[in-house]
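Computation of the quantities below employed the complete heavy-atom set of this structure, encompassing side-chain atoms and omitting hydrogens, waters and symmetry-equivalent molecules. Computed from a prediction, not measured in an experiment: that's the story for all the values here. Protein chains get the first letters and strands the later ones, always in sequence-line order, with residue 1 at the start of each.
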Amino acid sequence: MIAQGAIPVIPRGVRLHRDAVRDRWVLLAPEKTIALDEIGHAILSRIDGRTDFTTLIDRLAEDYAAPREQIAPDVSGFIAALAERRILEVA
Amino acid sequence: MSRIPPPMAMLAELTHRCPLACPYCSNPLELEAQERELSTEDWARVFAEAAELGVLQLHLSGGEPATRRDLTDLVRAARAAGLYTNLITSGIGLTRRRLEELDAAGLDHVQLSLQGMDAELADRIGGYKGGFARKMQVAGWIGEIGFPLTLNAVLHRQNLHQLPRALEMAQEMGARRIEVAIVQFYGWAMKNRAALMPTREQAREAEALVAEAREALKGKLVIDFVPADYHGDYPKRCMNGWGSVGLNVAPDGSVLPCHAARTIPHLDFWSVRDRSLREIWYDNPAFNAYRGDDWMKEPCRSCERKAIDLGGCRCQALAIAGDPAAADPVCVKSPAHGKMRAMAEAFNAEGARAELTYRRYA
């Protein structure tokens, strides 16, 4: 689980991109294109390099009217998997 | 045939000019003259067409792309088109000032090639004295400016022992990724198969070392690995499928499904000088020649692995088995597999005595 106060960061060289041809959002990274579903986009579009993990979960819980304890493990897993591939950083 | 998906990635071979003389160069034997290269305006149009077609990632390559004086303008045009822009370079020809201009133009990522992991070997393999020192200087500037960095190293009989050092260098330079490719034999590199082909033991050692390093460096350094073709049992999923994910534009504007496709003589490749990228991607018979699996022969056609490797590499099937629609002879099921294995053994036996034949842009 990502630590409560840890701050997820989208590093330089990684960016969200609207793939108009395929009508979807993607995350563009060095030699990688990751197609995002609605949840993935919801998480990444709220990562601004200042918001810590706890606040990120609060916002997602509020915006999607979902219980914190239910979404926290999923969001943590999503961020951790991208961090392992050096696509996200956790400061 | 099922619906053709739009391409995801484009490799723009801006030029064949290159200051290095790497014996494993995979560019064709006949290089394009500078006069035949696409202009800045041509490339800008091609980038815009690519983005409109669905390309998301652009790789600027060559030759050495830094030999193009308009490199910064090309990067600006690519970013204006909305493409993720990656520069694949040896570093030679880049100054700090030029890198700052590329930064301002929006370059997303740099991929820096290593010929060897120390000056003596790197300069000998690259055939360029002082190249390694210059590269280290460029790597320093890349780090200072803050470009995300991937290192790539082509490994072969003469430098495979330096793989552990390559992994250290990647970490020292702050690279997020390293691509380690055991040399593949296309184009000029075919002349150097004896001098460069690793032994079977070397190839296995490298695989084990990479597997270990991946575990140890998890979350720190991502390692992409291309194993040795000639010592394999099953072929690579070449280009992720012919005309499926990516396309190459050669310096003269010819559009190819892969780097080596021009070795297949019966295919006619169209040029962006005459047609739009969209027309070429969807309608050029050369792109449709090996799409899907209708073209497959036995043993591929009825093989349970055909969805995994898609029959391997068409160019290698032609080069070794004499038929571009045959199974890639890397495959143990290919009738030409024995021939390929025998070739590998013969090259290995000759290897210690073989001289490097350098590739020079004249």
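Proximity to chain A is absent for every atom of B:L149, based on heavy atoms less than 4.5 angstrom apart. With a 4.5 angstrom heavy-atom cutoff, B:L83 touches chain A only via backbone atoms. Both the backbone and the side chain of B:R176 come within contact range of chain A, judged by heavy atoms closer than 4.5 Å. With a 4.5 angstrom heavy-atom cutoff, A:A80 does not touch chain B via any of its atoms. In this structure, chain B has a heavy atom under 4.5 Å from the side chain of A:R22, while its backbone stays farther away. When heavy atoms are compared at a cutoff of 4.5 Å, B:A51 approaches chain A solely by way of its backbone atoms N, CA, C and O. Contacts between B:E52 and chain A at a heavy-atom distance below 4.5 Å involve the backbone alone (N, CA, C, O).
Under the 3.5 Å distance criterion, with hydrogens and angles disregarded, a donor-acceptor pair is assigned to the side chains of A:T33 and B:Q57.
In this structure, B:N86 CG and A:L28 CG are separated by 12.0 Å, a value rounded to the nearest 0.5 Å.
In terms of modelled atom types and a separation under 3.5 Å, the side chain of B:Y84 and the main chain of A:G13 share a donor-acceptor contact. The closest donor-acceptor contact from the side chain of A:R12 to the backbone of B:P148 lies at 3.5 Å or more, if one exists at all.
The two residues A:V21 and B:L53 make their nearest non-hydrogen contact at CG1-O, 3.9 Å.
The residue among B:H109, B:H59, B:R79 with the most heavy atom pairs within less than 4.5 Å of chain A is B:R79.
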What verdict does the side-chain contact (heavy atoms from CB on, under 4.5 Å) test give for A:R86 and B:R177, after you've listed the backbone C-alpha separation in whole Å, the side-chain angles of each residue and the deciding distance to 0.1 Å? CA-CA 8 Å; A:R86 298 273 348 236; B:R177 301 175 62 253; 5.7 Å; no

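Within a 6.0 Å sphere centred on CD of A:E62, heavy atoms belonging to other residues, nucleotides or ligands number 12 at most. Atom CD of B:E168 has more than 12 heavy atoms from other residues, nucleotides or ligands within 6.0 Å.
A salt bridge links B:D108 with A:R15: at least one charged nitrogen is closer than 4.0 Å to a carboxylate oxygen.
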